[in-house]
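Here is the structure we will look at, set down as structure tokens.
Since we're looking at a predicted model, the values are computed, not measured. In what follows, chains carry the letters A, B, and so on, assigned in the order in which the sequence lines appear, proteins first and then strands, with residues in each chain numbered from 1.
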Number of protein chains: 2
Amino acid sequence: MDKSKSTTICDCHPIHNDIIEKVKNVMPNDEKLYDLAELFKVFGDTTRIKILHALSESEMCVCDIAVLLNMKQSAISHQLRVLRQARIVKFRKEGKIVYYSLDDEHIKNIFEQGFSHIEHK
Amino acid sequence: MDKSKSTTICDCHPIHNDIIEKVKNVMPNDEKLYDLAELFKVFGDTTRIKILHALSESEMCVCDIAVLLNMKQSAISHQLRVLRQARIVKFRKEGKIVYYSLDDEHIKNIFEQGFSHIEHK
DNA sequence: TGCACATATGAACAACTATTCATATATATG
DNA sequence: CATATATATGAATAGTTGTTCATATGTGCA
């Protein structure tokens, strides 16, 4: 997994060693950066973004989300699993109906930062 | 592209029509949500996250980034193109060396929000 | 108990993505 | 001008991902 320590893959020579060292010293470990990329990956899909936007307005059941987005129930269910595993949404069961909602207020913030970036262009 | 208006794909029945309507009414248009997903997609890759973290510390040239991450120069160059097209990084040329830096302070914020989400678990 | 409905899930497939290799372009230097 | 170096880019490929289909599980109700 982490071949950066054993083998040299890079095919070019450093130009500013001081900058490379400085940046290397403050770089978080690989696992943390990997987790961060994984988090953003979850946001990086239109269907999931739509689901998250919907849930930021109201708790919703799987069926209603499928109707709202006009998609197959199973497609929604698969995506909700991804969101669940990333701990971005939580759920509660009421009989045979499962209601999903955002797990964390952080999510809304990330969302809004994203929006204000694209607005800004 | 937008089949949601013409064809019905969904295979299940609405349960709470009031909620569906309410959420539908505040939903941004498809294009905006698509752009948002595209933005996060760019953050959703370990290599690009590492590049962005590096650039959040210091302007860097392509070569030095490749050395820092121990990756092929062309791999870095391809990823920098993705970041450039998303207007997340900018660059300046000095002779044959090209220096990249973050285009926007927003980027750091999105980054930090992401970090505080994964820290929180 | 049997049927209808809400949700979940595994397998298959098509579409997309990141890296590599080979090579092109541009600039500095002998 | 010839060479070395920094960067960019097109094509190929391996790996990943989102949706669909078929089906399983679980709950409520007649």
Review point. Ring-on-base stacking between B/His78 and C/dT19, under 5.5 Å between centres and under 30° between planes: is it there?
Key: no
**Study point:** Close residues, residues 10-23 of chain B, relative to DNA chain D [heavy-atom separation under 4.0 Å]
**Key:** none
Check your understanding: Would one find a side-chain N or O of A/Lys93 under 4.0 angstrom from OP1 or OP2 of C/dT7?
Key -> no
Point to revise | Any side-chain heavy-atom pair of B/Ser101 and B/Lys90 under 4.5 Å | key: yes
Review point. How are the rings of B/His53 and B/Phe111 set to each other: parallel, tilted or perpendicular (split at 30° and 60°)?
Key: tilted
Review point. Would a line drawn from the ring center of A/His16 to the ring center of B/Tyr99 be shorter than 6.0 Å?
Key: yes
Check your understanding: Going by heavy atoms closer than 4.0 Å, what residues in residues 35-67 of chain A are next to DNA chain C?
Key -> A/Cys61, A/Val62, A/Cys63
Revision key, fill the gap. A/Lys72 atom NZ is separated from D/dT23 atom P, nearest whole Å, by 15 Å
Exercise for review: Starting from C1' on C/dA18, measure out to CD1 on B/Ile76 and report it in whole angstrom.
Suggested key: 11 Å
**Study point:** Between P of D/dT17 and CE of A/Met71, the distance in whole Å
**Key:** 17 Å
Review point. Between A/Thr46 and B/Ala37, what is the shortest heavy-atom contact and its length?
Key: N-CB, 3.6 Å
Exercise for review: With the side chain of A/Ala75 defined as its heavy atoms from C-beta on, choose the nearest nucleotide among D/dT19, D/dT9, C/dT20.
Suggested key: D/dT19
Practice item. Spell out, as yes or no, whether a donor-acceptor pair under 3.5 Å connects the side chain of B/Asp64 to the backbone of B/Met60. Key: no
Practice item. Please state how far atom CG in A/Leu80 lies from atom C1' in C/dA6, giving the value in whole angstrom units. Key: 13 Å
Check your understanding: Parallel, tilted or perpendicular: which describes the rings of A/Phe91 and A/Tyr100, with under 30° parallel and over 60° perpendicular?
Key -> tilted
Study note, to complete from the structure: In whole angstroms, the gap separating P of C/dA8 from CD1 of A/Ile97 amounts to 12 Å
Review point. At under 4.0 Å, does any side-chain N or O of B/Gln79 touch on OP1 or OP2 of C/dT19?
Key: yes
**Study point:** Under-4.0 Å salt bridge between A/Arg87 and A/Asp104
**Key:** no
Check your understanding: Under 4.0 Å between a side-chain N or O of B/Arg81 and OP1 or OP2 of D/dT7?
Key -> no
Exercise for review: Check the angle between the aromatic planes of A/Phe43 and B/Phe40 and answer parallel, tilted or perpendicular using the 30° and 60° thresholds.
Suggested key: tilted
Review point. Within this structure, what is the CG-to-P distance between A/Leu83 and D/dT17, rounded to whole angstrom?
Key: 14 Å
Check your understanding: Is a side-chain N or O of B/Arg84 found less than 3.5 angstrom from the main chain of B/Gln79, in a donor-acceptor match?
Key -> no
**Study point:** Phosphate-side-chain proximity, A/Tyr100 and C/dA8, N/O vs OP1/OP2 below 4.0 Å
**Key:** yes
Point to revise | Among A/Asp35, A/Asn109, A/Leu39, side chain to side chain contact (heavy atoms under 4.5 Å, CB included) partner for B/His117 | key: A/Leu39
Point to revise | Closest approach of B/Leu69 to A/Met27 (non-hydrogen atoms, all atoms of both residues) | key: CD2-CE, 4.3 Å
Check your understanding: What are the two closest heavy atoms between B/Gly114 and A/Leu36, and how far apart are they?
Key -> C-CD1, 3.4 Å
Close N/O contacts between protein and nucleotides 28-30 of chain D (under 3.5 Å):
none

Check your understanding: Rounded to whole angstroms, how far apart are CD on B/Gln73 and P on C/dC21?
Key -> 13 Å
